[in-house]
Amino acid sequence: EMDTVARYHNHEVGPNQCCSVVMRRIAAPVDTVWGLVRRFDEPQTYKHFLRSCHVIAGDGAQVGCLREVHVVSGLPAACSTERLEILDEESHAIGFRVVAGEHRLQNYRSVTTLHPSSHKDEGLTKNREDFNDAGSSAGGTILPNGPTGSCKGTVVVESYVVDVPNGNTKEETCVFVDTIVSCNLQTLSRIAERRVRSSSSTTTTT
Ligand code: A8S
């Protein structure tokens with residue numbers, strides 16, 4: 001797991017670029033979360049700032065394929081063309097790069113990796129400090145304790161690099177992007193945890 005982090009989250013960052021990482025703990029197994037995250041052709045499932053996605057080159061599951069996403073209104077953006085850069089089904093890593101579009105995030109690229117974490121419920125809140133120490137800007141987004149004693153969980157790590165737009169600072173850029181990424185991971189956890197609940201309620205009926 002440390003290998004995966006070192007391999008995929010070590011970005012080269014240029015002088016007029018900024019980078020950050022957002023982490024989130026999800027009370028759902030890696031396979032459940034990966035089922036959502038791996039779909040390069042369907043990012044709008046958990047990225048709710050996107051209103052549509054069309055694969056415009058390739059089949060949507062091979063490195064090099066392209067998607068075009070349209071953004072909901074109210075954001076300083078209209079659309080984005082994105083290239084799949086990494087899809088590692090074994091390490092649970094996916095990465096893409098922005099290649100064109102009408103928005104201010106030139107050369108945006110990100111990598112998302114999933115890591116299994118088996119834990120007792122109290123671990124969810126106990127680890128909050130560790131997360132903040134690790135540089136997460138997602139402090140305060142750790143899940144509340146669930147009703148069960150222990151469960152198989154996932155830690156999501158999403159890092160990105162982007163050009164700082166003219167007229168903005170690195171800090172402003174990171175605040176903007178961290179907000180989008182945190183919202184996406186929050187939605188991801190809600191959906192994955194709902195899937196766990198609905199599948200356990202159909203399999204544990206006595
Ligand atoms: C992602 C992450 C980001 C997406 C950004 C940061 C974007 O889709 C939105 C607004 C923008 O201003 C830029 O994983 C862009 O999708 C929601 C259109 C790229």
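First listed ligand is number 1; within each ligand, the first listed atom is number 1.
The main-chain N or O of Ile56 is never found under 3.5 Å from a side-chain atom of His54 such that the two would form a donor-acceptor pair.
Between Tyr108 and Phe96, the ring planes are tilted. Angles from 30° to 60° get that label.
Counting all heavy atoms, side chain and backbone alike, Arg195 lies closest to Ser198 at O-OG, 3.2 Å.
Checking each of Lys47, His48, Glu42 against Gln44 for a side-chain contact (heavy atoms from CB on, under 4.5 Å) leaves exactly one that passes, namely Glu42.
Separating the OG1 atom in Thr173 from the CZ atom in Arg104 is a distance of 8.0 Å, to the nearest 0.5 Å.
Side-chain contact check for Asp41 versus Arg67: every heavy-atom pair is 4.5 Å or farther apart.
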Nitrogen or oxygen contacts under 3.5 Å, ligand 1 side and protein side:
from: ligand 1; atom 1: 14 (O); to: Lys47; atom 2: NZ; distance (Å): 2.8
from: ligand 1; atom 1: 16 (O); to: Lys47; atom 2: NZ; distance (Å): 3.4

